[in-house]
Amino acid sequence: MVESTTWAAPIATLLAAFKPEIVAATKFTLQRAKSETIARVPRAFSEYLLQTAVRLASVSTLLKDEPQPLYECYEPLNVSLGNTEIPNSSASAFNTPGTRAIIVGRGGSGKSMMMRHLFLDCIAQSSALPLFLELRDINHQEGGIADLLSRHLRNRDTKVPAEIVFNLSAKQRCLLLLDGLDEVSTDKRQDVANEIDELADKYSQLAIVVSSRPEDELRGWENFRVFSVAPLSLDKACNLLKRVNYDPDTTERLINDLRRGLFERHFELLSNPLLLTIMLVTYRTTSSIPSKRYLFFEYAFDAMFRHHDAIKRGFQREFQADLSPDDFARVVSAVAFVSYSAHKVDFTATEFNSYARAASRLESIAVHGDRLLHDLRRCVSLMIKDGLHYRFVHRSFQEYFAACFLSNAEPEIITAAVSRIATRMVRDNVAEYFAEKDPRRFGLYVVIPFIEWVFDIVKYKHKIYKSTSDRWVRLTPYKISIDWDDAEDGCVVLKWPPGVAKQKWNVPRMMRIIRSVYAQSEVLPGIQLGLDQDELVGACLAAHDAMGLDPSDNDIPIVDALSIPNVQSVLERSWFWDATPIGLQYLVAVYTQLMQEYQERESALSGIVGP
């Protein structure tokens with residue numbers, strides 16, 4: 001645990017520079033406040049900064065039973081903006097007045113760790129007044145960002161309206177760090193996004209940084225630049241392994257193997273901090289590298305359940321739930337699925353017990369919720385306590401176990417789940433892990449319903465007409481644009497316009513998952529893809545010219561771009577092909593293949609069991 005004395009001095013230094021402006025902003029905001037109230041506000045800021053710094057400077061990991069100091073397990077990450085990479089990202093890259101930034105990265109890429117670092121770095125460098133909010137807290141309260149910030153700033157005897165911070169930003173550098181937009185429940189997310197937009201519009205000098213998993217809608221945010229968390233380099237991967245202070249022999253062996261070519265051969269997986277850490281846990285008993293992402297979590301669970309205590313000589317944890325490894329995994333998978341279906345990433349003990357009871361019924365396995373929670377926290381380190389709430393040590397574990405449940409569930413349960421949470425499971429990693437783990441059942445219970453939904457929307461009946469293709473293109477109302485920040489000569493991107501009505505399925509994300517399972521080159525072998533960025537930029541410029549638009553500040557609906565023959569032929573050969581009529585042809589081919597496989601399997605089964 002990090003001591004408060006570590007941060008007391010730098011916080012005092014930071015507030016010494018900010019105090020006059022804090023007082024002025026308080027007087028401006030609370031015009032009738034008494035002098036003693038005004039005097040208490042800087043103390044409230046001091047208490048908030050100290051409490052938050054101590055909390056953020058410790059982090060729970062897979063490798064230790066107790067929280068560890070952040071900087072003993074955080075390797076500074078790079079971020080990229082197009083082709084420009086910012087090394088060892090620090091607060092100075094984001095605390096310039098008026099900054100509007102979204103930091104995106106896949107699960108386990110280190111976004112939240114980086115956001116913690118940015119908060120602490122502001123204090124250490126006295127470069128800005130940082131305000132840190134975990135947006136998932138909005139799921140448990142009434143109100144939005146301003147209300148959440150006010151609650152954090154309030155101490156025993158002083159209520160500090162968020163407007164004091166916002167007004168302060170006009171005079172002093174203030175950095176508002178909003179972590180985990182993707183963890184806000186679906187019913188509240190658009191309201192939160194709207195409030196962020198309003199804050200950015202109303203307080204022009206307030207620096208705002210939002211973190212999220214990649215989502216198509218984020219590229220439609222006006223005035224926000226989208227930064228991507230860069231994958232770990234070989235040196236950074238080795239540095240991270242050295243920092244975490246795990247079993248020295250295992251660490252040394254993995255580092256040596258990484259430098260001998262293992263990292264390069266499995267770059268996509270081992271450049272992810274979470275997957276690399278999981279690999280360290282499993283490398284003690286196996287030197288094989290999983291070929292698929294879901295296997296990392298499967299191996300990690302096996303190692304944490306059976307082998308974690310082997311590092312501690314003579315020590316064996318006592319499991320209280322009294323379940324076999326297989327039953328334990330089944331119950332945890334059901335708990336993950338039930339909580340995920342309830343749109344919960346963290347939950348109270350009472351809520352956990354209700355999920356455990358539901359899991360017990362789903363799997364017909366007797367289990368006591370409190371004992372299961374003990375085992376998840378104390379024996380396998382898969383769940384952590386944060387205040388009054390519990391959550392999986394990383395959200396990806398909840399998604400992995402939910403996918404495990406679906407891969408083994410009865411067909412009617414899968415069908416019901418898909419009808420209820422299709423958009424969410426596709427937006428997160430659940431559908432991806434399900435597809436990797438059991439592609440046959442994924443095709444049968446997810447891909448076929450998705451394609452039939454598309455066919456119904458576009459009115460496809462055995463033949464693709466122009467009107468059918470037009471409906472397909474309009475189903476994903478992308479706009480095509482040239483991002484001049486991404487490269488010296490521009491980079492073509494697709495943007496999802498804000499305010500578009502949500503659909504049952506996240507079509508772009510679902511298309512990406514289907515493409516990962518059913519290769520376009522095999523499903524549509526007659527269509528050759530491959531296009532360099534220069535040709536794509538040229539086509540986009542031609543579209544702007546044909547429509548009389550300035551390419552520097554105008555986005556073109558892709559349906560309009562496709563109406564220009566030369567532009568359509570280019571887009572259909574680009575990596576945006578699935579947003580063109582070719583995408584519908586691909587779905588028809590996938591559907592035909594799946595139905596044929598299903599019918600052949602049914603025929604084979606009837607031959608075995610008889611009529």
Side-chain angles (χ1 to χ4, degrees), residues 59-65 68 70 72-78 105-114 213 229-312 325 329 332 336 376 379-384 392-401 403-404 429 432-433 436-437 516:
V59 62
S60 298
T61 72
L62 292 170
L63 306 177
K64 303 287 184 180
D65 295 330
Q68 302 298 303
L70 175 72
E72 289 184 10
C73 50
Y74 173 70
E75 174 65 22
L77 297 169
N78 300 349
R106 293 192 67 173
S109 61
K111 303 180 297 296
S112 291
M113 298 277 270
M114 180 187 291
R213 290 186 181 183
V229 178
L232 294 173
S233 65
L234 173 58
D235 286 340
K236 284 188 174 294
C238 294
N239 289 342
L240 176 58
L241 293 175
K242 292 174 184 176
R243 284 179 184 272
V244 297
N245 192 27
Y246 192 61
D247 177 49
D249 293 338
T250 304
T251 302
E252 182 179 3
R253 181 160 58 90
L254 179 54
I255 288 175
N256 289 338
D257 288 347
L258 291 177
R259 294 198 179 279
R260 292 191 187 107
L262 185 68
F263 184 80
E264 183 177 352
R265 292 194 300 272
H266 299 277
F267 173 77
E268 183 179 355
L269 297 172
L270 296 179
S271 60
N272 178 289
L274 175 64
L275 299 185
L276 179 65
T277 304
I278 291 174
M279 193 68 248
L280 180 60
V281 174
T282 64
Y283 218 62
R284 189 172 185 275
T285 55
T286 176
S287 296
S288 62
I289 300 293
S291 58
K292 297 180 178 179
R293 294 174 70 89
Y294 87 90
L295 287 172
F296 272 81
F297 300 96
E298 188 169 293
Y299 290 3
F301 173 72
D302 181 74
M304 295 165 76
F305 193 95
R306 293 181 173 88
H307 306 299
H308 185 66
D309 290 329
I311 297 171
K312 303 176 181 180
V332 172
L376 283 168
C379 299
V380 295
S381 302
L382 278 175
M383 196 161 283
I384 59 177
F392 283 89
V393 69
H394 195 280
R395 185 171 149 209
S396 295
F397 274 97
Q398 183 188 32
E399 294 166 347
Y400 160 73
F401 281 114
C404 287
N429 291 322
E432 179 181 338
Y433 295 151
E436 289 183 343
K437 191 171 178 63
S516 72

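- Closest of all the heavy-atom pairs between S60 and I384 is CB-CG2, 3.6 Å.
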Quiz item: Can you check salt bridge (Lys or Arg N to Asp or Glu O under 4.0 Å) on E432 and R213, steps first, answer last?
Solution: CA-CA 14 Å; E432 179 181 338; R213 290 186 181 183; over 6 Å; no
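- Closest non-hydrogen pair, N272 versus S109, comes out as ND2-N, 3.8 Å.
- Applying the side-chain hydrogen bond (donor to acceptor under 3.5 Å, both in side chains) criterion to Y294, with sequence neighbours excluded, gives no partner residue.
- Counting all heavy atoms, side chain and backbone alike, P76 lies closest to K236 at O-NZ, 2.6 Å.
- Residues R106 and N429 form a side-chain contact, since some pair of their non-hydrogen atoms from C-beta on lies under 4.5 Å apart.
- Looking only at side-chain heavy atoms (C-beta outward), F301 and L382 come within less than 4.5 Å of each other.
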Quiz item: Would E75 and R243 count as a salt bridge (Lys or Arg N to Asp or Glu O under 4.0 Å) if you check the C-alpha gap in whole Å, the side-chain angles of each, and the deciding distance to 0.1 Å?
Solution: CA-CA 8 Å; E75 174 65 22; R243 284 179 184 272; 2.8 Å; yes
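- Aromatic ring orientation, F297 versus Y400: parallel (interplanar angle below 30°, classes split at 30° and 60°).
- Pairing each heavy atom of P290 with each of L295, the nearest pair is CB-CB, 3.4 Å.
- The shortest heavy-atom contact between F296 and I278 is O-CG2, 3.0 Å.
- Of all heavy-atom pairs spanning F392 and A336, the tightest one is CZ-CB, 4.0 Å.
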